[in-house]
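Take a look at the structure below.
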Amino acid sequence: MNTPAPDTPTAPRHILGIEGLSPPEITALLDAADGFVELVRSRQKKAESLQGRTLINLFFEDSTRTRTSFELAGKRLGADVINMSVATSSIHKGETLIDTAMTLNAMHPDVLVVRHPHSGAVELLAQKVACAVINGGDGNHEHPTQALLDALTIRRRKGTIGGLVVTICGDIAHSRVARSNIHLLTTMGARVRLVGPPTLIPPMIERMGIEIFHDMKECLQDTDIVMMLRLQFERMHGTFVPSLKEHFHFYGLDEDKLAAAKPDALIMHPGPINRGVEIDTSVADDIDRSVITEQVEMGVAVRMACLEAVTGTETSKSKLKAKPKENRRKKARS
Ligand code: NCD
């Protein structure tokens, strides 16, 4: 995909970031993921495109959604899936990232999904192994599958991405989600605004073709999508906000601030959410406007599409279309 893959005919493709992907490449991944949504909603969720293939999840950082959804995505496509827990691996015995990668590589996996606290670590690893690599989040750099699942959620709800006004709010400085979303949304023609305290907006980020605000109500005017971000303390070195209470007062999404956005604005959050810090419970649980759990649902479909893309496999259209009809028939009989 967007990375220098070795030029042998069987070379794996990697998904290391959104930066550099073209609108047709993004659209193709979203279309493929869309095709999986009905399948993962049906009773029989399995396809066979990855039968005989091996997926290893290698997570050097905590994760609930990303790791589980990659595991489910792999299993639903018929792959053998192994989750490497860093806590019980030889990394704690002093093994380097590259040595761990080479050890796993010797077992001939087809795909490695890697999450690492350091920006660039996943790309470095991808240069050393023979299999395809998907970035499950590297430091504050990129989290491509999160941006793709956010885009799929938006596209299914709003019918398009181009022309929408998207506000990303909170800890932009430490967020790989913000960075991947800025790349994707601007590439697809959305207008992106960032809002947060000056300490959490990285210098020069306006070069990415976005607008910067420090007043949340002003920023939310005409906004179609409000994307909230957690304060990512694990990547902060020093103090960036005076207090959690003050952060919520100025940048926490509550009904009062949300009233400044369009009446049909969607509320998004990559999770995990911190209620009362960046988002109020009444807004997070608003069944008409919050799509936070829908984002999780789209995560499985997007990761299925990404796994097929990097392995050069495809689930036939007839298989994808057959599922909803079968279900409708069963429902009609009962
Ligand atoms: C994000 C991550 O890990 O980058 N979460 C996720 O993948 N769903 C955002 C976060 O941790 O705040």
Side-chain angles (χ1 to χ4, degrees), residues 15-19 33 57-74 83 85-86 113-123 133-154 166-185 194-197 200-202 225-237 240-241 244 247-248 251-253 266-279 284 290-304 306-307:
I15 299 179
L16 300 180
I18 297 293
E19 187 177 9
N57 278 323
L58 181 58
F59 277 56
F60 294 86
E61 253 189 24
D62 296 345
S63 172
T64 303
R65 293 155 197 79
T66 309
R67 200 197 52 71
T68 313
S69 59
F70 266 114
E71 182 177 356
L72 273 178
N83 293 312
S85 162
V86 167
V113 177
V114 187
R115 171 172 283 193
H116 198 279
H118 297 144
S119 303
V122 181
E123 184 162 353
V133 175
I134 302 179
N135 183 359
D138 64 323
N140 58 9
H141 175 227
E142 280 240 32
H143 192 351
T145 56
Q146 180 68 43
L148 287 164
L149 74 89
D150 290 341
L152 183 62
T153 309
I154 294 171
V166 183
T167 289
I168 308 179
C169 175
D171 183 3
I172 314 291
H174 303 98
S175 176
R176 52 198 176 208
V177 175
R179 224 157 256 98
S180 288
N181 261 302
I182 294 169
H183 284 304
L184 189 150
L185 294 164
L194 305 181
V195 61
L200 293 177
I201 306 272
I225 309 287
V226 192
M227 231 178 237
M228 300 305 300
L229 296 173
R230 181 176 70 87
L231 290 169
Q232 291 135 100
F233 290 110
E234 72 277 22
R235 285 196 277 281
M236 288 183 193
H237 302 288
F240 287 79
V241 288
L244 299 185
H247 184 72
F248 182 74
Y251 299 105
L253 188 67
L266 298 179
I267 303 152
M268 302 182 74
H269 194 308
I273 64 171
N274 283 292
R275 292 168 189 265
V277 180
E278 75 274 1
I279 191 161
S290 168
V291 291
I292 296 171
T293 50
E294 205 169 301
Q295 287 172 265
V296 179
E297 184 189 16
M298 293 307 128
V300 179
V302 157
R303 282 154 186 146
M304 288 169 87
C306 290
L307 288 173

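Just follow the structure's listing: the first ligand is 1, and inside any ligand the first atom is 1. Any value given below was found using the heavy atoms of this structure, including those in side chains, with hydrogens, waters and symmetry copies removed.
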Practice problem: Would you please name every residue forming a side chain to side chain donor-acceptor pair (under 3.5 Å) with Asn57, sequence neighbours left out? | Solution: Asn83
Quiz item: Closest heavy-atom contact between Leu244 and Leu231?
Solution: CD2-CD1, 3.8 Å
Which protein N or O atoms sit under 3.5 Å from any N or O of ligand 1? Give atom names and distances.
residue, atom, partner, partner atom, Å
ligand 1, 3 (O), Arg115, NH1, 3.3
ligand 1, 3 (O), Arg115, NH2, 3.2
ligand 1, 3 (O), Arg176, NH2, 3.0
ligand 1, 4 (O), Arg176, NE, 2.7
ligand 1, 4 (O), Arg176, NH2, 3.3
ligand 1, 5 (N), Gly271, O, 2.9
ligand 1, 7 (O), Thr66, OG1, 3.1
ligand 1, 7 (O), Arg115, NH2, 3.0
ligand 1, 7 (O), His143, NE2, 2.8
ligand 1, 8 (N), Gln146, OE1, 3.4
ligand 1, 8 (N), Pro270, O, 3.0
ligand 1, 8 (N), Gly271, O, 3.4
ligand 1, 11 (O), Arg230, NE, 3.4
ligand 1, 11 (O), Arg230, NH2, 2.9
ligand 1, 12 (O), Arg230, NE, 2.7
ligand 1, 12 (O), Arg230, NH2, 3.2

Exercise. Take His118 and Phe60 through the test ring-ring contact (aromatic ring centres under 6.0 Å, His included) and record every step on the way to the result.
Key: CA-CA 10 Å; His118 297 144; Phe60 294 86; 9.4 Å; no
Practice problem: Could you note down all residue pairs passing salt bridge (charged side-chain N to carboxylate O under 4.0 Å, His left out) where residues 267-278 supplies at least one of them, sequence neighbours left out? | Solution: Arg275-Asp285
Quiz item: What pairs with Arg65 under salt bridge (charged side-chain N to carboxylate O under 4.0 Å, His left out), at least two apart in sequence or on another chain?
Solution: none
Quiz prompt | Sub-6.0 Å ring centroid separation between Phe59 and His116 | solution = no
